[in-house]
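In what follows, residues are counted from 1 in the order of the sequence shown.
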Amino acid sequence: MRIDIDKDVCIGAGQCALTAPDVFTQDDDGYSALLPGQEDGGGSPLVREAARACPVSAITVSETVS
């Protein structure tokens, strides 16, 4: 799984961090960020829900092909 956060679109609503706190956090400016080591979602079943919860669709989740 690959998670991309469009920092130009993010408004810092924090819905991702509330929905999947084991994967997302907010940086010092309040914008969405991935926790260290969670670049692939860490197997969290809530990653896609967190992306859907973003009010401006700043998070994209895609499958990686091995």
Side-chain angles (χ1 to χ4, degrees):
M1 177 181 307
R2 177 184 168 102
I3 304 167
D4 292 302
I5 302 169
D6 188 336
K7 299 287 187 177
D8 293 329
V9 174
C10 181
I11 60 171
Q15 294 303 306
C16 57
L18 289 171
T19 304
D22 54 331
V23 177
F24 295 95
T25 189
Q26 289 179 283
D27 65 17
D28 292 339
D29 295 321
Y31 296 107
S32 180
L34 293 169
L35 289 168
Q38 297 299 321
E39 292 79 11
D40 65 355
S44 174
L46 297 174
V47 171
R48 291 186 190 284
E49 184 60 34
R52 283 191 290 273
C54 180
V56 293
S57 301
I59 301 169
T60 304
V61 178
S62 56
E63 294 301 320
T64 54
V65 180
S66 301

Within the distance-only criterion (no hydrogens, no angle test), does the side chain of Gln26 pair as donor or acceptor with the backbone N or O of Gly12 below 3.5 angstrom? yes
Show the nearest heavy-atom pair for residues Gln15 and Pro55, with the distance to one decimal. CG-CD, 4.3 Å
Flag yes if Val61 and Val23 sit in one hydrophobic cluster, no otherwise; membership is Ile, Leu, Val, Met, Phe, Trp, Tyr, and two members link when side-chain heavy atoms are under 4.5 Å apart. yes
With rounding to the nearest 0.5 Å, note down the distance linking CZ in Arg2 to CD in Glu63. 12.5 Å
For a side chain to side chain contact (heavy atoms under 4.5 Å, CB included) check, start with the C-alpha distance between Asp22 and Gln38, then their side-chain angles and the critical distance, and finish with the verdict. CA-CA 8 Å; Asp22 54 331; Gln38 297 299 321; 5.7 Å; no
Minimum heavy-atom separation for Ala50 and Ile59, please, with both atom names. O-CD1, 4.3 Å
Are Phe24 and Leu35 packed together at the side-chain level, in the sense that at least one heavy-atom pair is separated by less than 4.5 angstrom? no
Return the minimal non-hydrogen interatomic distance between Ser32 and Cys10, and the atom names on each side. N-SG, 3.4 Å
Main chain of Tyr31, side chain of Asp29: is a donor-acceptor contact present, judged purely on distance under 3.5 Å? no
How long is the gap from CZ on Arg52 to CG on Leu46, to the nearest 0.5 Å? 10.0 Å
Nearest 0.5 Å, what's the SG-CD1 distance between Cys54 and Ile11? 7.0 Å
Single-linkage hydrophobic cluster, 4.5 Å side-chain cutoff, Met1 and Ile5 together: yes
